[in-house]
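Since the structure comes first, as structure tokens, the remarks are kept for the end.
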Amino acid sequence: MIDDFLYGTAGQPAEVEAAVRAAAAAEILPRYRQLAAHEIVEKSGPHDLVTAADRLAEEHLAESLTRLLPGSVVVGEEAVHADPAVLDALGGDAPVWIVDPVDGTRQFVHGEPGFCTLVALALHGEVYASWTYAPVLDELAVAVKGRGATLNGTAVHSGSPAPGATLKVAMSHPDYTSDAQKRALLGLNTEGIDARSCGSAGLEYLAVACGAQDAVAFNWEFPWDHAAGLLLVTEAGGAQSTLSGVPFRITGGNDLPFTAARDAATAARILDALRTGRQG
């Protein structure tokens, strides 16, 4: 079913792109810098926000995407917040649309342009395609398994850092981690690595895929934050791995933190720093 959808004569990746753009145009952009106070709600705390744009864009995408691929289901950030059992679909037999309607909600709430909509298509825990759309920045990245990655229709390649260059890394904020994960992330505070706290995960992955940033290191595993970006980076020529040396699984149970990087050598270097930090 997914092969026909993505690669066959009836393939419809362009229709997915149109659906993502339409959801942003209808539900996100009209509320950009126009949110009323009652449209912003805290979930787990002041750093975990949801807005009317998040909820309505996810509903818009759920309807349009399942119409494009009959028999598919949606695992969306807001749907899982309402009912954690929705996550079980990742291990089922139906194709799954993994949706983060507004990745970087904090930036969206503050009226900053650094947010995006993330959509990935998966089956049996494997991601086959992804769409990363930053509507204010007018950037749309698409990755299809085995077909490479593009940004606004132009192929992107992650490349490799210059020999001896300081690595630019975006990481989870250490304050929002377990003690062991905090130690691991602090291992990035070493010579040759310039680490900073991340913004929108989707845009951090895009920066790695385009070679504008060398790596990311994250300690949480919500699939809607990572499925699209991990495929984007790998299809651009990059590499990814959890701390135990195996690829990140969107179904969970990963050894955290994990990294995605411009190439395998950079990923190995980040993992070494994380392991050193955890042992320290």
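No donor-acceptor distance shorter than 3.5 angstrom exists from the side chain of Asp54 to the backbone of Pro101, with no hydrogens or angles considered. Checked by atom type and distance alone, the side chain of Ser158 never pairs as donor or acceptor with a backbone atom of Ala209 at under 3.5 Å. Checking side-chain atoms of Thr251 against main-chain N and O of Gly125 turns up no donor-acceptor pair under 3.5 Å. No donor-acceptor pair closer than 3.5 Å links the side chain of Thr190 to the backbone N or O of Gly187. Judged purely by atom type and a 3.5 angstrom limit, Gln213 has no side-chain atom pairing as donor or acceptor with the backbone of Val169. Not a single donor-acceptor pair under 3.5 Å links the side chain of Arg262 to the backbone N or O of Gly238.
Using cut-offs of 30° and 60° on the angle between ring planes, the pair Phe258 and Phe218 is perpendicular. Classification of the Phe115-Tyr32 ring pair by plane angle, with boundaries at 30° and 60°, yields tilted.
With sequence neighbours left out, the salt bridge (charged side-chain N to carboxylate O under 4.0 Å, His left out) criterion links Glu17 to Arg21.
For the residue pair Thr117 and Asp103, no side-chain donor N or O sits within less than 3.5 Å of a side-chain acceptor on the partner. Side-chain atoms of Asn254 and Thr242 form no donor-acceptor pair, as typed in the model, at a separation below 3.5 Å.
Tyr133 and Trp131 have their aromatic ring centers separated by at least 6.0 angstrom.
Both Tyr205 and Phe248 are assigned to one and the same hydrophobic cluster, defined by single-linkage of ILVMFWY side chains at heavy-atom distances under 4.5 Å. Under the 4.5 Å side-chain heavy-atom criterion for ILVMFWY residues, a single connected hydrophobic cluster contains both Val144 and Tyr128. Both Val216 and Leu230 are assigned to one and the same hydrophobic cluster, defined by single-linkage of ILVMFWY side chains at heavy-atom distances under 4.5 Å.
For Arg106 and Glu112, the salt-bridge test fails: no basic side-chain N is under 4.0 Å from an acidic carboxylate O. Of the charged side-chain nitrogens involved, none lies within less than 4.0 Å of a carboxylate oxygen, so that Glu59 and Arg55 do not count as a salt-bridged pair. The pair Asp194-Lys168 does not meet the salt-bridge criterion, since no charged nitrogen lies less than 4.0 angstrom from a carboxylate oxygen. We find that Lys182 and Asp179 are not joined by a salt bridge, their nearest charged nitrogen and carboxylate oxygen being 4.0 Å or further apart. Arg269 has no carboxylate O lying under 4.0 Å from a charged side-chain N of Asp263, or vice versa, which leaves the two without a salt bridge. A salt bridge links Glu204 with Arg196: the distance from a Lys NZ or Arg NE/NH1/NH2 to an Asp or Glu carboxylate oxygen falls below 4.0 Å.
Results of the side-chain contact (heavy atoms from CB on, under 4.5 Å) test with Leu232 over Thr132, Val142, Leu151, Thr150 single out Thr132 as the only residue that passes.
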